[in-house]
Amino acid sequence: MVKIRLKRMGAKKKPFYRIVVADARTPRDGKSLDELGTYDPLQNPAAIKINVDATKKWLSHGAKPTTTTQALLKKAGVV
């Protein structure tokens, strides 16, 4: 199954996330199929940047977002 999920980047205690499409069996920070956007929780307010066209394409092909990613997509107005 293909999932839309977060990939953690950044230094210790300074998280930065990429919103990626990956196979459910790969590790959290492992290989991904496509990068859809970024999420920076340290900015005030949190910065969410998403490629809407690519995200809708993957959702139409059957990719399932995780619960956290689903909330981020709702905040960005994609879903």
Side-chain angles (χ1 to χ4, degrees):
M1 172 190 275
V2 177
K3 289 193 171 195
I4 299 174
R5 64 185 186 189
L6 297 176
K7 179 177 185 177
R8 190 180 195 281
M9 309 294 284
K12 183 178 178 181
K13 305 268 186 176
K14 295 182 181 180
F16 178 81
Y17 298 94
R18 289 185 182 163
I19 302 169
V20 297
V21 178
D23 190 304
R25 298 170 288 186
T26 60
R28 177 193 71 182
D29 297 335
K31 183 180 172 186
S32 60
L33 301 173
D34 195 8
E35 184 179 322
L36 302 177
T38 60
Y39 168 57
D40 188 359
L42 296 181
Q43 291 186 7
N44 193 9
I48 304 169
K49 296 179 185 173
I50 297 176
N51 183 342
V52 177
D53 295 332
T55 304
K56 287 185 179 181
K57 181 191 106 179
W58 279 105
L59 288 171
S60 69
H61 286 309
K64 301 287 184 191
T66 60
T67 54
T68 304
T69 309
Q70 180 74 31
L72 292 174
L73 293 176
K74 281 185 181 178
K75 279 187 181 181
V78 176
V79 177

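Positions are given from 1, in the same order as the sequence printed here.
- Counting all heavy atoms, side chain and backbone alike, Leu73 lies closest to Pro65 at CD1-CB, 4.2 Å.
- Both Trp58 and Ile50 are assigned to one and the same hydrophobic cluster, defined by single-linkage of ILVMFWY side chains at heavy-atom distances under 4.5 Å.
- Looking at residues two or more places apart in sequence or on another chain, you find no salt bridge (charged side-chain N to carboxylate O under 4.0 Å, His left out) involving Arg8.
- Considering all non-hydrogen atoms of both residues, Leu33 and Asp23 come closest at CD1-N, 4.5 Å.
- For Asp29, there are no salt bridge (charged side-chain N to carboxylate O under 4.0 Å, His left out) partners, not counting sequence neighbours.
- Ala46 approaches Pro41 most closely through the heavy-atom pair CB-CA, 4.0 Å.
- Taking all atoms of both residues into account, the shortest heavy-atom contact from Leu6 to Arg28 is O-CG, 3.9 Å.
- Separating the CG atom in Leu72 from the CG atom in Leu36 is a distance of 12.0 Å, to the nearest 0.5 Å.
- Hydrophobic clustering (ILVMFWY, side-chain heavy atoms < 4.5 Å, transitive): Leu59 and Val21 are in one cluster.
- Between Arg5 and the options Thr66, Thr26, Thr67, a side-chain hydrogen bond (donor to acceptor under 3.5 Å, both in side chains) holds for only Thr26.
- Note on Ile19: it does not cluster hydrophobically with Met9, by side-chain heavy-atom contacts below 4.5 Å among ILVMFWY residues.
- Atom NZ of Lys3 is separated from atom CZ of Arg25 by 12.0 Å, given to the nearest 0.5 angstrom.
- Between Ala63 and Ile4, the shortest heavy-atom distance links the atoms CB-CG1, 3.9 Å.
- The two residues Ala22 and Ser32 come nearest to each other via the heavy atoms CB-CA, 4.2 Å.
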Next item on the list: Mind running side-chain contact (heavy atoms from CB on, under 4.5 Å) on Val79 and Thr55 for me, showing each step along the way?
Entry: CA-CA 9 Å; Val79 177; Thr55 304; 5.9 Å; no

